[in-house]
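These numbers come from the heavy atoms of this one structure, side chains and all, not from hydrogens, waters or symmetry mates.
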Amino acid sequence: MTCQELTEFLDAWVHGELPAAQRVEFERHQKECPECVSYTNAYRRTVELGRKAFECPDDRIPEKIPDELVKSVLAARKVRSQERT
Amino acid sequence: MSTPPAQPSTIDREAALVARLRTGDDAAYEELVRDQGGRMLSVARRLVRDEDEARDVVQEAFLSAFRSIGSFEAQSRLSTWLHRIVVNTALMRLRKRKTRRETSIDDLLPKFSGDGGFAAKPSAWGEESSTASEREEDRAAVREAIEKLPEIYRTVLLLRDVEGLSTDETAKVLDVTPNATKVRLHRAHQALKTLLDSRFSEAAP
């Protein structure tokens with residue numbers, strides 16, 4: 001396995017979807033290639049950082065919808081239901 | 001979006017709310033919009049990146065949900081159902097907008113020499129941030145980097161990693177094959193890594 005081939009398997013590896021035979025090759029290449037170790041570590045952290053990018057520390061409190069949008073949605077519902085009748 | 005399993009009380013509450021919505025109860029509609037609208041607006045803002053358009057998307061998504069409340073299946077969560085509707089509505093909006101020329105992602109992908117080795121040594125990243133304020137700065141930097149991705153890569157990354165859609169669901173809403181979705185996501189990750197190298201590599205100041 002070359003470095004280029006290894007990078008093609010990264011997403012499957014990060015998601016734990018790499019078939020056993022390829023995983024053995026992947027891990028063997030990594031043992032002898034510090035460059036791929038660096039790339040793989042940074043890639044894995046990139047995926048994690050992407051997932052967490054939009055989390056807020058106070059995520060448990062859901063964002064509130066502005067009052068004027070609530071009114072607009074409810075008014076549009078009335079208009080639509082009148083159009084249908 | 002991954003929603004935690006509903007507690008029985010939530011299921012009962014939702015079933016009661018759906019029943020009221022189906023009878024046309026105005027108060028039930030307001031309750032639904034106030035309960036779910038904030039989360040839906042966050043999703044719309046992330047995807048369309050324009051406040052007015054995001055609000056239009058939320059309104060359109062609610063109207064579409066109201067029309068099909070009769071076909072809502074009790075075994076799903078209302079929040080999950082509405083999440084899918086707002087994602088679809090936002091993507092329709094993005095498709096209509098397609099006037100911008102897509103920039104190439106090639107410059108952000110790793111380069112290889114003839115023997116399949118890295119053409120330039122990949123940078124090793126340093127230690128992970130340890131304090132809450134550092135992590136918040138990291139999140140802001142990552143959001144900024146995601147914004148720099150070409151549109152189709154930004155979208156696939158948001159749908160899979162942030163909104164939590166599966167590969168098949170993402171493929172369906174983007175109207176591409178599951179394999180194309182995987183390839184795009186992988187390129188998005190590679191490009192995002194390149195954009196973040198300057199912040200996270202050991203050599204970074």
Side-chain angles (χ1 to χ4, degrees), chain A residues 1-15 17 29 32-81 83-85, chain B residues 24 26 29-30 33-42 45-46 55 58-60 62-63 66-67 109-110 112-113 115-118 121-125 128 132 135-136 138-143 145-146 157-158 160-162 164 182-183 185-186 188-190 192-197 200-201:
Chain A
M1 183 180 279
T2 65
C3 302
Q4 185 167 11
E5 285 164 347
L6 181 135
T7 62
E8 292 307 316
F9 293 127
L10 270 177
D11 227 46
W13 178 77
V14 165
H15 291 101
E17 294 168 358
H29 178 97
E32 51 204 41
C33 181
E35 294 190 343
C36 279
V37 171
S38 295
Y39 194 85
T40 303
N41 285 340
Y43 185 96
R44 183 185 47 75
R45 275 180 61 192
T46 299
V47 175
E48 284 168 12
L49 286 163
R51 285 185 184 143
K52 291 179 185 161
F54 293 89
E55 283 177 5
C56 321
D58 53 358
D59 216 18
R60 283 156 297 170
I61 307 160
E63 196 172 343
K64 275 185 80 176
I65 180 167
D67 215 40
E68 66 267 23
L69 183 53
V70 176
K71 287 181 182 140
S72 167
V73 170
L74 297 175
R77 171 181 166 251
K78 287 278 175 202
V79 172
R80 293 281 169 97
S81 59
E83 280 170 0
R84 281 203 299 273
T85 52
Chain B
D26 288 348
Y29 280 91
E30 181 164 352
V33 174
R34 289 196 188 279
D35 271 6
Q36 305 290 336
R39 253 180 246 113
M40 289 167 72
L41 186 57
S42 301
R45 279 178 181 148
R46 276 198 285 273
R55 290 182 182 211
V58 169
Q59 175 154 327
E60 226 176 296
F62 269 122
L63 293 177
F66 297 165
R67 272 196 305 277
L109 300 180
F112 298 93
S113 51
D115 63 359
F118 283 98
K121 196 176 171 189
S123 52
W125 283 19
E128 295 184 24
R135 284 194 294 271
E136 182 46 42
D138 287 349
R139 281 194 289 271
V142 176
R143 288 195 295 270
I146 291 173
L157 188 136
L158 287 179
R160 287 284 286 114
D161 293 348
V162 179
K182 285 185 181 177
V183 170
L185 181 66
H186 177 48
H189 287 148
Q190 287 183 301
L192 184 61
K193 178 207 161 291
T194 305
L195 290 166
L196 295 174
D197 272 341
F200 294 104
S201 70

Participant: When the ring planes of A:Tyr43 and B:His189 are compared, do they come out parallel, tilted or perpendicular, using 30° and 60° as the limits?
Facilitator: perpendicular

Participant: Return the SG to CG distance between A:Cys3 and B:Asp115, rounded to the nearest 0.5 Å.
Facilitator: 8.0 Å

Participant: Any side-chain heavy-atom pair from B:Arg160 and A:Asp11 closer than 4.5 angstrom?
Facilitator: no

Participant: Looking only at non-hydrogen atoms, find the nearest pair between B:Val142 and A:Ala53 and report the distance.
Facilitator: CG1-CB, 3.7 Å

Participant: Heavy atoms only, distances under 4.5 angstrom: which of A:Glu8, A:Arg45, A:His15, A:Met1 has the most pairs with chain B? Name it, please.
Facilitator: A:Arg45

Participant: Can A:Arg80 be said to sit on top of B:Phe66's aromatic six-ring, NZ or CZ under 6.0 Å from centre and within 45° of the ring axis?
Facilitator: no

Participant: At their closest point, which heavy atom of A:Ala42 faces which heavy atom of B:Lys193, and how far apart are they?
Facilitator: CB-CE, 3.5 Å

Participant: Measure A:Leu74 against the heavy atoms of chain B and call it side chain, backbone, both or neither at under 4.5 Å.
Facilitator: side chain

Participant: Name the region of B:Glu60, side chain, backbone, both or neither, that has any atom closer than 4.5 Å to a heavy atom of chain A.
Facilitator: neither

Participant: For the CZ atom of B:Arg39 and the CD1 atom of A:Ile65, what is their distance to the nearest 0.5 Å?
Facilitator: 11.5 Å

Participant: Heavy atoms only, distances under 4.5 angstrom: which of A:Val14, A:Asn41, A:Leu69, A:Leu10 has the most pairs with chain B? Name it, please.
Facilitator: A:Leu69

Participant: Tell me, for B:Leu192 versus chain A, whether the close heavy atoms (under 4.5 Å) come from the side chain, the backbone, both or neither.
Facilitator: both

Participant: Pick from A:Pro34, A:Cys36, A:Cys33, A:Ser72: which one has the most heavy-atom pairs with chain B under 4.5 Å?
Facilitator: A:Ser72

Participant: Nearest 0.5 Å, what's the CD-CZ distance between A:Glu68 and B:Arg55?
Facilitator: 5.0 Å

Participant: Quick one: does A:Glu17's side chain get under 4.5 Å of B:Lys182's, heavy atoms only?
Facilitator: yes

Participant: Please step through side-chain contact (heavy atoms from CB on, under 4.5 Å) for the pair B:Arg34 and A:Asp67, ending with a clear verdict.
Facilitator: CA-CA 9 Å; B:Arg34 289 196 188 279; A:Asp67 215 40; 2.8 Å; yes

Participant: Hey, what do you get for CZ (B:Arg45) to CZ (A:Phe54), rounding to the nearest 0.5 Å?
Facilitator: 12.5 Å

Participant: Tell me, for A:Lys71 versus chain B, whether the close heavy atoms (under 4.5 Å) come from the side chain, the backbone, both or neither.
Facilitator: neither

Participant: Against chain A, work out which of B:Arg46, B:Gln59, B:His186, B:Lys121 has the most heavy-atom pairs shorter than 4.5 Å and name it.
Facilitator: B:His186

Participant: If I take atom OG1 from residue A:Thr46 and atom CG from residue B:Asp161, how far apart are they, to the nearest 0.5 angstrom?
Facilitator: 10.5 Å

Participant: So for B:Leu158, is it side chain, backbone, both, or neither that comes closer than 4.5 Å to the heavy atoms of chain A?
Facilitator: side chain

Participant: When you compare the side chain of B:Gln190 with that of A:Tyr39, does any pair of heavy atoms fall below 4.5 Å?
Facilitator: yes

Participant: Please name the pair of heavy atoms, one in A:Ser38 and one in B:Ala124, separated by the smallest distance, quoted to 0.1 Å.
Facilitator: OG-CB, 3.7 Å

Participant: State, with a plain yes or no, whether a side-chain heavy atom of A:Lys78 is found less than 4.5 Å away from one of B:Asp26.
Facilitator: yes

Participant: Of all residues at least two apart in sequence or in a different chain, which pass the side chain to side chain contact (heavy atoms under 4.5 Å, CB included) check with A:Ala75?
Facilitator: none

Participant: If the condition is side chain to side chain contact (heavy atoms under 4.5 Å, CB included), which residues does A:Gln4 pass it with, not counting sequence neighbours?
Facilitator: A:Thr2, B:Phe112

